[in-house]
Trainee: 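Could you have a look at this structure, given as structure tokens, before my questions?
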2 protein chains.
Amino acid sequence: MAKPVSKSRGDRAPLTRARVLRGAVAIADASGIGALTMRSLAQELDVKPMSLYHYVANKDEILDGIVDLVFSEIDLPSADGEWRSEMRRRATSARRVLRRHPWAIGLLESRSTPGPATLRHHDATIGTLRRAGFSVAMTAHAYALLDSYVYGFALQEASLPFDGPDTVADVAEPMMQRFSPDEYPHLVEMASEHILKPGYDFGDEFEFGLGVILDALTRSIP
Amino acid sequence: MAKPVSKSRGDRAPLTRARVLRGAVAIADASGIGALTMRSLAQELDVKPMSLYHYVANKDEILDGIVDLVFSEIDLPSADGEWRSEMRRRATSARRVLRRHPWAIGLLESRSTPGPATLRHHDATIGTLRRAGFSVAMTAHAYALLDSYVYGFALQEASLPFDGPDTVADVAEPMMQRFSPDEYPHLVEMASEHILKPGYDFGDEFEFGLGVILDALTRSIP
DNA sequence: CGGGCCCACCGTACTTAGTACGGCCACGCT
DNA sequence: AGCGTGGCCGTACTAAGTACGGTGGGCCCG
């Protein structure tokens, strides 16, 4: 005679919209966005597929939701910090977050209804730039430039076949077989003399570009 | 009594791998990557679904194939041009191509086996930078920066809900209802004072950032 | 000229996924 | 006790990827 539990079905936590979205992120992180199905999500949450529809209208709403959840993980620039360091912090944080959730990058392209965290994020960033003395037009330029760089870098990082500075050579070697130095001489030079060298980490390129961009923006404050 | 055609089934062109891939691009361009299914593609080509499998192993191979096809549309930098103008031309062309095929951006993240056009493209670009006097390491920096910017810009463009400078206000107006000036003051300022002004075109931001980047790179040639 | 072979194409069917529709059952309120 | 309600689910339909095994018309060989 088990102690009577208040709820009949097991004693798992009750479903909520937040739990649904967090579960979806967990699945996408672990196995890619392709593994996120209503059925796999239901299983993760220990319910049956149709139960999810009491918290989201359809799968698209889940996708919109997890994109906003990802945005909420990015550091907001603080209102009173120095703009350059705040922008650097924001960019670095955004890259780290998108590295943790690489599937989110591709989703940005298809989802066009930003959630509240996304809007808050944009608002804070624009605010920091405006307070730094950038005109409205210049803020638009700067923001487009910064975000393009961050997103594009994250996109390139995500499409790399390896994951850290560890197994670069292992993955690249078989690939090198595919193209002879005659066909792609510069690619081979770049690979053999630089990228395949121990210690090379594509992620380190991020700082260079970010510095270039911030320097250039500094010069365009009135 | 119809003129006897040589082939029994209708007189449509015979299937080829190239025709399959071109058809796939056509569908993705017209209706988005979501509308590209083996069945829709078969219908487009006037065959039955299973016929496609004589030319591609599976759908993934089609996705890899069309990404490479997209790359092949991007202008290669010419070997003997001035590096700055060649890089500008390449970037501009890439943006135009990715605007024509926005679905390709999201695909870049998931596909990690570059095709021949992709490799040729990278090789030519690296070659131009090396010939301009950039060191191997600096070329890696420059290329990462340039490509990040181009991809990221294309990604942002693709996620805009409108398509040209025409219906910006129409789309943005209802969106403005969702956030009050109290919640997102800077966003509202940016929208009302800049982006919603007639004549604003996000695409114009591209030149600014590209110029900034090319200027910065110029300064880093030994 | 006839028979066989091959290759391009296809029919059928199985699996997985999204989701419409209508229950059903425990709880709490009266 | 009856009843409503809210949270969960069973069933089933549709769409999509693709395994597997044809099949039939053109062409080559004899």
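Below, chain A is the first sequence line, B the second, and so on; all start at residue 1.
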Trainee: Rounded to the nearest angstrom, tell me the gap between atom CG in A/Leu45 and atom P in D/dC8.
Mentor: 11 Å
Trainee: Do any pairs count as a side chain to side chain donor-acceptor pair (under 3.5 Å) and have a residue in residues 188-198 of chain A, sequence neighbours left out, and if so which ones?
Mentor: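 Every pair satisfying side chain to side chain donor-acceptor pair (under 3.5 Å) with a residue in residues 188-198 of chain A: A/Glu189-B/Arg130.
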Trainee: Just checking A/Glu183: does its CD atom have more than 12 heavy atoms from other residues, nucleotides or ligands closer to it than 6.0 angstrom?
Mentor: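 Correct, the count exceeds 12.
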Trainee: Can you figure out which of C/dC9, D/dC9, D/dG7 approaches the side chain of A/Val47 most closely?
Mentor: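 Closest nucleotide among those given: D/dC9.
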Trainee: When you measure from the side-chain N and O atoms of B/Ser51 to the phosphate of C/dA8, is any distance below 4.0 Å, counting only OP1 and OP2?
Mentor: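 Negative; the distance criterion is not met.
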Trainee: Got a salt bridge between A/Arg88 and A/Glu207, using NZ or NE/NH1/NH2 to carboxylate O under 4.0 Å?
Mentor: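 Salt bridge flag = yes for A/Glu207 with A/Arg88.
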Trainee: Provide, to the nearest angstrom, the distance between the CZ atom belonging to A/Arg19 and the C1' atom belonging to D/dG7.
Mentor: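 Answer to the nearest Å: 14 Å.
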Trainee: Can you check the A/His54 NE2 to D/dT5 C1' distance for me, whole Å?
Mentor: 12 Å
Trainee: Using every non-hydrogen atom in the two residues, find where A/Leu145 and B/Phe208 come nearest and quote the distance to one decimal.
Mentor: CD2-CE2, 4.2 Å
Trainee: Rounded to whole angstroms, how far apart are CD on B/Gln43 and P on D/dA15?
Mentor: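 From B/Gln43 CD to D/dA15 P: 12 Å.
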Trainee: From the options D/dG10, C/dC10, C/dC9, select the nucleotide whose nearest atom is closest to the side chain of B/Lys48.
Mentor: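 When the side chain of B/Lys48 is considered, C/dC10 is the closest of D/dG10, C/dC10, C/dC9.
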Trainee: Check side chain to side chain donor-acceptor pair (under 3.5 Å) between B/His186 and all other residues, then give those that pass, not counting sequence neighbours.
Mentor: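 Listed in chain order: nothing, the list is empty.
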Trainee: Is A/Gln43 close to A/Met38 at the side-chain level, that is, under 4.5 Å between some pair of heavy atoms?
Mentor: no
Trainee: Which protein N or O atoms sit under 3.5 Å from an N or O of nucleotides 16-18 of chain D?
Mentor:
{"residue": "D/dA16", "atom": "N7", "partner": "B/Arg39", "partner atom": "NH2", "Å": "2.9"}
{"residue": "D/dG17", "atom": "OP1", "partner": "B/Lys59", "partner atom": "NZ", "Å": "2.6"}
{"residue": "D/dG17", "atom": "OP2", "partner": "B/Met38", "partner atom": "N", "Å": "2.6"}
{"residue": "D/dG17", "atom": "N7", "partner": "B/Arg39", "partner atom": "NH2", "Å": "2.6"}
{"residue": "D/dG17", "atom": "O6", "partner": "B/Arg39", "partner atom": "NH2", "Å": "2.6"}
{"residue": "D/dT18", "atom": "OP2", "partner": "B/Tyr53", "partner atom": "OH", "Å": "3.0"}
{"residue": "D/dT18", "atom": "OP2", "partner": "B/Lys59", "partner atom": "N", "Å": "3.0"}

Trainee: To the nearest Å, how far apart are A/Ile62 CD1 and C/dT19 C1'?
Mentor: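 Going from CD1 in A/Ile62 over to C1' in C/dT19 covers 12 Å.
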